[in-house]
Amino acid sequence: MSRLGKIVILIPAGTSVHSDGQTVIAKSPKGELSYTVHDDVEVIIEASSITTKPRFETKRANMMWGTTRAQINNIVTGVSVGFAKKLEITGVGYKANVNGKVLELALGYSHPVNYAIPADITVVTPKPTEIFISGIDRQKVGQVAAEIRDWRGPEPYKGKGIKYEGEFIFRKEGKKK
């Protein structure tokens, strides 16, 4: 029995959700997202709530029940509120700048790093050492943040690099004489 699957998803005002076969589609002024539900899970859409339940009493149906509920909750939250990640850059001379649809990063390499921003993702640099990534698709926002962070992950000795906001970097002690 899935504890997560039992929770009812509330549909916020201004968001419409409907199903087309096994596909759940959520629309709002921010955009539209869809998710194809596994055959073992049944989705019941009412006026202001969505309920999921397994069709069969199998282990796979119970596993997919919680996963399906989480995915549907992500698309409903994405089109109504959206998702965001904030990255922090630490290091002398390390900085970021958005130029059109390209994020330009200076990360201590001999060349600048240019990252092409995907179409449905918004990247803003309020300060040269902060990157704010937002969008309606949770997976894409996280993937873009991970790809940017991958250029220069935080190192444990001086803490230089790109890290998520609030991320703890375990620091190591350097060489001793």
Side-chain angles (χ1 to χ4, degrees), residues 1-89 96 98 100-103 115-127 129-150 153-154 162-169:
M1 197 89 182
S2 173
R3 293 182 193 171
L4 186 63
K6 287 190 247 179
I7 302 170
V8 176
I9 302 167
L10 299 175
I11 301 172
T15 305
S16 66
V17 180
H18 68 278
S19 65
D20 183 21
Q22 284 296 102
T23 304
V24 176
I25 302 164
K27 289 183 187 176
S28 80
K30 284 192 170 198
E32 177 181 332
L33 289 174
S34 65
Y35 175 71
T36 303
V37 178
H38 195 273
D39 293 333
D40 290 346
V41 180
E42 181 181 357
V43 178
I44 302 157
I45 300 172
E46 295 164 356
S48 64
S49 66
I50 304 170
T51 309
T52 58
K53 66 179 186 177
R55 290 180 196 236
F56 313 107
E57 291 297 324
T58 62
K59 186 175 181 180
R60 179 158 180 92
N62 282 334
M63 288 189 302
M64 296 309 294
W65 181 21
T67 302
T68 300
R69 189 256 173 216
Q71 293 286 352
I72 292 172
N73 187 44
N74 284 344
I75 68 168
V76 170
T77 304
V79 297
S80 62
V81 178
F83 294 101
K85 291 255 186 198
K86 187 175 178 185
L87 298 173
E88 299 171 345
I89 302 174
V98 175
K101 290 299 281 179
V102 176
L103 176 66
Y115 180 79
I117 302 168
D120 51 349
I121 299 294
T122 306
V123 177
V124 180
T125 53
K127 296 180 189 173
T129 58
E130 290 180 356
I131 303 170
F132 190 74
I133 304 161
S134 61
I136 61 171
D137 190 347
R138 184 175 190 165
Q139 191 275 330
K140 285 185 182 176
V141 169
Q143 183 66 38
V144 168
E147 287 173 0
I148 293 170
R149 183 183 183 272
D150 204 33
I162 303 172
K163 67 179 183 116
Y164 296 112
E165 180 185 36
E167 179 182 10
F168 176 75
I169 305 301

Heavy-atom neighbours of Glu46 CD exceed 12 at 6.0 Å: yes
Heavy atoms of Ala96 and Ile89 approach each other most closely as CB-CD1, 3.6 Å
Heavy-atom side-chain proximity of Val37 to Ile72 below 4.5 angstrom: yes
OG1 (Thr52) and CD (Glu42) are apart, to the nearest 0.5 Å, by 10.0 Å
Single hit among Leu10, Val8, Val76 for side chain to side chain contact (heavy atoms under 4.5 Å, CB included) with Ile50: Val76
What closest approach, in Å, do Val123 and Val98 show between heavy atoms, and which atom pair accounts for it? O-CG2, 3.6 Å
Arg55 side chain to Ala61 main-chain N or O, any donor-acceptor pair under 3.5 Å? no
Minimum heavy-atom distance Val144-Pro118, with the two atoms named: CG2-CG, 3.7 Å
Measure from the side-chain N and O atoms of Arg138 to the backbone N and O of Phe83, and report whether any donor-acceptor pair falls under 3.5 Å. no
Interatomic spacing from OG1 in Thr68 to CG in Asp40 - rounded to 0.5 Å: 9.0 Å
Is it true that atom NZ of Lys163 has more than 12 heavy atoms of other residues, nucleotides or ligands lying nearer than 6.0 Å? yes
Under 3.5 Å, which donor-acceptor pairs link side chains of residues 24-33 to any protein atom two or more places apart or in another chain?
residue: Ser28; atom: OG; partner: Lys30; partner atom: N; Å: 3.2
residue: Ser28; atom: OG; partner: Val79; partner atom: O; Å: 2.3
residue: Lys30; atom: NZ; partner: Val81; partner atom: O; Å: 2.6

Atom CD of Gln71 and atom CD of Gln139: how far apart are they, to the nearest 0.5 Å? 9.0 Å
Of all the heavy-atom pairs spanning Gly5 and Trp65, show the shortest one and how long it is. O-NE1, 3.3 Å
Between CD1 on residue Ile9 and OG on residue Ser49, distance to nearest 0.5 Å: 9.0 Å
How many angstroms lie between atom NZ of Lys6 and atom OG1 of Thr51, to the nearest 0.5 angstrom? 13.5 Å
OH of Tyr115 to CG of Asp150, rounded to nearest 0.5 Å, is 10.5 Å
Go through the steps to decide whether Ile133 and Ile148 satisfy the test side-chain contact (heavy atoms from CB on, under 4.5 Å), and finish with yes or no. CA-CA 10 Å; Ile133 304 161; Ile148 293 170; 3.9 Å; yes
What heavy-atom pair brings Ile45 and His18 nearest, and what distance separates the two atoms? CD1-C, 3.8 Å
Just jot down the side-chain contact (heavy atoms from CB on, under 4.5 Å) partners of Tyr164, sequence neighbours excluded, or say none. Lys85, Leu87, Ala145, Ala146, Arg149, Glu167
Minimum heavy-atom separation for Thr15 to Ser80, with atom names? OG1-CB, 3.5 Å
Salt bridge (charged side-chain N to carboxylate O under 4.0 Å, His left out) pairs, two or more places apart, involving residues 116-127: Asp120-Lys140, Lys127-Glu130
Does Thr36 offer a backbone N or O that forms a donor-acceptor pair with the side chain of Gln22 under 3.5 Å? no
